[in-house]
Structure formats: structure tokens, C-alpha cells
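Below: the structure, in C-alpha cells.
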Amino acid sequence: MFGFLKQVGDYSREAAAAARGITQGLAVTFDHMRRRPVTVQYPYEKLIPSERYRGRIHFEFDKCIACEVCVRVCPINLPVVDWVMNKETRKKQLKNYSIDFGVCIFCGNCVEYCPTNCLSMTEEYELAAFDRHSLNFDNVALGRLPT
Ligand code: SF4
Ligand code: SF4
């Protein structure tokens, strides 16, 4: 008789503990139902990056003086500045400029030190590609305004 009563007592205690656990779980669930979701349905919805976000670099060909400061301050000497010396003006003439975003670490050094401010960081972050070579942006691709 005593053993039976002990079993009933244990069972009741376990049932009460299970009910408490379920109630706590449901309380968390109902609490979150009242909150706004923190995720968005990407790619149909997109969050706006913060003001200082360091995304794809924008380049203005006409402003560049081919000084190569961006190459020297880049931790991996990444920007490729292709220029020729114009014998008439005795100045460097820019031919091509490119940055490989498959290698760039988006540190922003080149943007910070460029003396003519022809480089800037945009909020563009969608740089995924099937072919890594397509991430090597020439001056035309770098000059595109972010969408
Ligand atoms: S630092 Fe600026 S101006 Fe000089 S080569 Fe680089 S992009 Fe051109
Ligand atoms: S952002 Fe940094 S890593 Fe990328 S090109 Fe500029 S200096 Fe080099």
C-alpha cells in the first residue's frame, strides 16, 4: 500500500514538472508572437546597410591621377593601375584600373588615402558569383553606380 502511494506521488510530481516545462516553453513562444521579426525575406526584402558599411568600391576614372597611392596602402597591393607617360603633357595617363573583389578584404585603406577622392565605398554587398574571375572589376564595372 505504501509503495503504491509513493508511485502515485512520484508520478504526480513528474506530471507537475512536465506541465511547468510546457507552460514555460509556451510563455516564450507567446512572448515572441507579440514582437516584430528581426529577419527579412531575403532576396525579396533587403535591409538597408548602415551608413559606414564598407561594400563594393566605386571608382571615378576622370579623377584618378595614377599616383598609385591606393596600391601602396593596400595590405595586399591589390589595385591594378595601368598607365602610360604622356610625352606632350609630361603627365601620367591612366589606361585601366581594376580591383579584384575576390581578393579584396574591404579594409577601406585605398579609399581613405586616395588624394583625389576618386574611390568610395558603396553599400553594395551582393557580390556572390559562380566564377571568381568575374569579381575582377575593371574601371567600367567599378564606375557603375550601385543599384
Ligand atoms: S590613389 Fe586614387 S588617384 Fe591615386 S591611383 Fe589610386 S585611385 Fe588613382
Ligand atoms: S579595400 Fe583594402 S584590400 Fe580592398 S583594394 Fe582597398 S586597400 Fe586593398
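Numbers here are sequence positions counted from 1. Indexing begins at 1, ligand by ligand and atom by atom, following the structure's order.
If you look at I57 next to ligand 2, the close heavy atoms, those under 4.0 Å, all belong to the side chain.
Every residue two or more places apart in sequence or in another chain that forms a salt bridge (Lys or Arg N to Asp or Glu O under 4.0 Å) with R34 is listed here: D31. In this structure, the ring pair (Phe, Tyr, Trp, His ring centres under 6.0 Å) partners of F106, at least two apart in sequence or on a different chain, are F101.
Note: E112 CD to C70 SG = 13.5 Å, rounded to the nearest 0.5 Å.
Proximity of a side-chain donor or acceptor of N139 to a complementary backbone N or O of Y97 within less than 3.5 Å is detected.
The protein atom (non-hydrogen) at minimum distance from atom 8 (Fe) of ligand 2 is C74 SG, 2.3 Å. For atom 4 (Fe) of ligand 2, the closest non-hydrogen atom of the protein is C104 SG, 2.3 Å. Protein heavy atom at the shortest distance from atom 2 (Fe) of ligand 2 is C107 SG, 2.3 Å. Among all non-hydrogen protein atoms, the one lying nearest atom 5 (S) of ligand 1 is E68 N, 3.2 Å.
With contacts defined as side-chain heavy-atom distances shorter than 4.5 Å, the pair F59/P79 does not qualify. By the 4.5 Å heavy-atom criterion applied to side chains, P75 and N109 are counted as neighbours.
Of the options L119, L145, L142, V111, a side chain to side chain contact (heavy atoms under 4.5 Å, CB included) to H58 is made by L145 and by none of the others.
Judged as a ring-ring contact (aromatic ring centres under 6.0 Å, His included), not a single pair has a partner in residues 14-35 (not counting sequence neighbours).
Here the shortest heavy-atom distance to atom 3 (S) of ligand 2, taken over I105, V71, V103, belongs to I105.
For the pair K95 and W83, the cation-pi test (distance below 6.0 Å, angle within 45°) is failed.
Annotation: protein N, O or S atoms under 2.8 Å of atom 2 (Fe) of ligand 1 (waters excluded) comprise C114 SG.
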